[in-house]
Amino acid sequence: QVQLAESGGGSVQAGGSLRLSCAASGFSDSRRCMAWFRQAPGKEREPVARLTTSTYQRYYADSVKGRFTISQDDARNTVYLQMTNLKPEDTAKYYCASEPRANCGTRLSVDQYTYWGQGTQVTVSS
């Protein structure tokens with residue numbers, strides 16, 4: 001049974017940093033697409049970042065480029081989202097998602113992902 005467990009959310013002031021973690025379990029293959037999405041109240045879930053575990057290729061939404069970094073720890077089966085220089089507009093619930101395939105394609109959208117975590121709240125105050 002595939003499970004994704006996020007942690008690391010919290011409240012910070014603008015300019016601060018947080019690191020989110022997503023621990024994955026139950027996958028039969030290490031090759032997969034791991035992604036972070038976020039959803040603010042009243043808004044649609046939007047892509048943040050993606051990591052292709054087999055190639056380490058990364059994708060970032062324009063809104064977070066240069067501020068967020070996605071990485072993986074193979075030994076812990078965990079993907080991280082390091083967030084720096086946080087802004088109030090980053091406030092949202094952040095979700096980890098995974099799709100068990102080697103090629104993650106060129107786009108990042110909600111409909112590409114089968115497995116989702118429960119989400120972790122990030123609140124940035126001005």
Side-chain angles (χ1 to χ4, degrees):
Q1 181 182 359
V2 171
Q3 289 188 326
L4 300 174
E6 303 105 330
S7 60
S11 298
V12 295
Q13 290 193 327
S17 300
L18 282 173
R19 189 178 77 161
L20 306 183
S21 300
C22 173
S25 61
F27 287 96
S28 59
D29 193 317
S30 63
R31 297 171 298 174
R32 51 186 175 267
C33 308
M34 297 294 299
W36 288 95
F37 292 80
R38 66 186 182 187
Q39 188 167 19
K43 294 188 176 182
E44 291 188 353
R45 195 168 295 189
E46 63 176 14
V48 174
R50 180 196 64 222
L51 177 67
T52 305
T53 61
S54 57
T55 64
Y56 298 93
Q57 185 178 24
R58 294 169 173 81
Y59 166 92
Y60 296 97
D62 288 343
S63 57
V64 306
K65 276 181 186 175
R67 301 188 298 122
F68 290 11
T69 302
I70 188 169
S71 62
Q72 63 183 15
D73 183 332
D74 293 336
R76 290 185 168 84
N77 248 352
T78 298
V79 170
Y80 302 99
L81 185 68
Q82 179 69 49
M83 305 185 294
T84 62
N85 191 21
L86 282 160
K87 304 175 181 180
E89 52 264 42
D90 294 318
T91 295
K93 195 164 188 179
Y94 284 70
Y95 295 88
C96 176
S98 183
E99 184 65 22
R101 64 174 184 262
N103 185 354
C104 301
T106 58
R107 64 185 183 95
L108 178 57
S109 64
V110 170
D111 63 317
Q112 293 177 301
Y113 290 80
T114 301
Y115 302 102
W116 293 83
Q118 293 300 307
T120 184
Q121 180 67 36
V122 171
T123 303
V124 185
S125 57
S126 58

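Sequence positions, counted from 1, serve as the residue numbers for this chain.
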With sequence neighbours left out, what residues match Asn77 under side-chain contact (heavy atoms from CB on, under 4.5 Å)? Arg32
Side-chain donor or acceptor of Thr78 paired with backbone N/O of Arg76 under 3.5 Å: yes
If the threshold is 4.0 Å, N to carboxylate O, is there a salt bridge linking Asp62 and Lys65? yes
Apart from Tyr59 itself, which Ile, Leu, Val, Met, Phe, Trp or Tyr residues share its cluster (side-chain heavy atoms under 4.5 Å, direct or through members)? Phe37, Tyr95, Leu108, Val110, Tyr113, Trp116
Taking the side chain as every heavy atom from C-beta outward, state whether Asp73 and Tyr80 have any pair of such atoms under 4.5 Å apart. yes
Rounded distance (nearest 0.5 Å) linking atom CD of Gln57 with atom SG of Cys33: 9.5 Å
Where Met34 and Ser98 come nearest, the two heavy atoms and their spacing: SD-OG, 3.1 Å
So Asp90 and Met83, do their side chains get closer than 4.5 Å, heavy atoms only? no
Where is the tightest heavy-atom contact between Pro88 and Ser126, given as atom of each residue plus distance? CG-CB, 3.8 Å
Does any non-hydrogen side-chain atom of Arg67 lie less than 4.5 Å from one of Lys87? yes
Assess whether side-chain contact (heavy atoms from CB on, under 4.5 Å) is satisfied between Thr91 and Val122, documenting all intermediate values. CA-CA 5 Å; Thr91 295; Val122 171; 5.9 Å; no
Is a side-chain donor or acceptor of Arg101 paired with a backbone partner of Asn103 at a separation under 3.5 angstrom? yes
Can you tell me if Gln118 has over 12 outside heavy atoms packed within less than 6.0 Å of its CD? no
Might you point out which heavy atoms bring Thr106 and Arg50 nearest each other, and give the distance in Å? C-NH1, 4.3 Å
Using the rule that Ile, Leu, Val, Met, Phe, Trp and Tyr join whenever any side-chain heavy atoms are under 4.5 Å apart, tell me whether Leu81 and Tyr115 fall into a single cluster. yes
Main-chain N/O of Trp36 paired with Arg38 side-chain donor or acceptor, under 3.5 Å: no
Go through it in stages, so that I can follow the logic: the residues are Glu99 and Gln112, the test is side-chain contact (heavy atoms from CB on, under 4.5 Å), and I'd like the CA-CA distance, side-chain angles, deciding distance and then a yes or no. CA-CA 7 Å; Glu99 184 65 22; Gln112 293 177 301; 5.9 Å; no
What's the shortest heavy-atom distance between Val48 and Phe68, and which atoms? CG1-CD2, 3.7 Å
Once you round to the nearest 0.5 Å, how far does CG of Leu86 lie from OG1 of Thr123? 10.5 Å
By the side chain to side chain donor-acceptor pair (under 3.5 Å) test, which pairs, at least two apart or in different chains, include something from residues 1-30? Asp29-Arg31
So which atom in Ala24 and which in Leu4 form the shortest heavy-atom distance, rounded to 0.1 Å? CB-CD2, 3.7 Å
Straight-line distance of Lys93 NZ to Gln121 CD, nearest 0.5 Å: 7.0 Å
Under the 3.5 angstrom rule, does the side chain of Thr52 hit a backbone N or O of Ser54 as a donor-acceptor pair? no
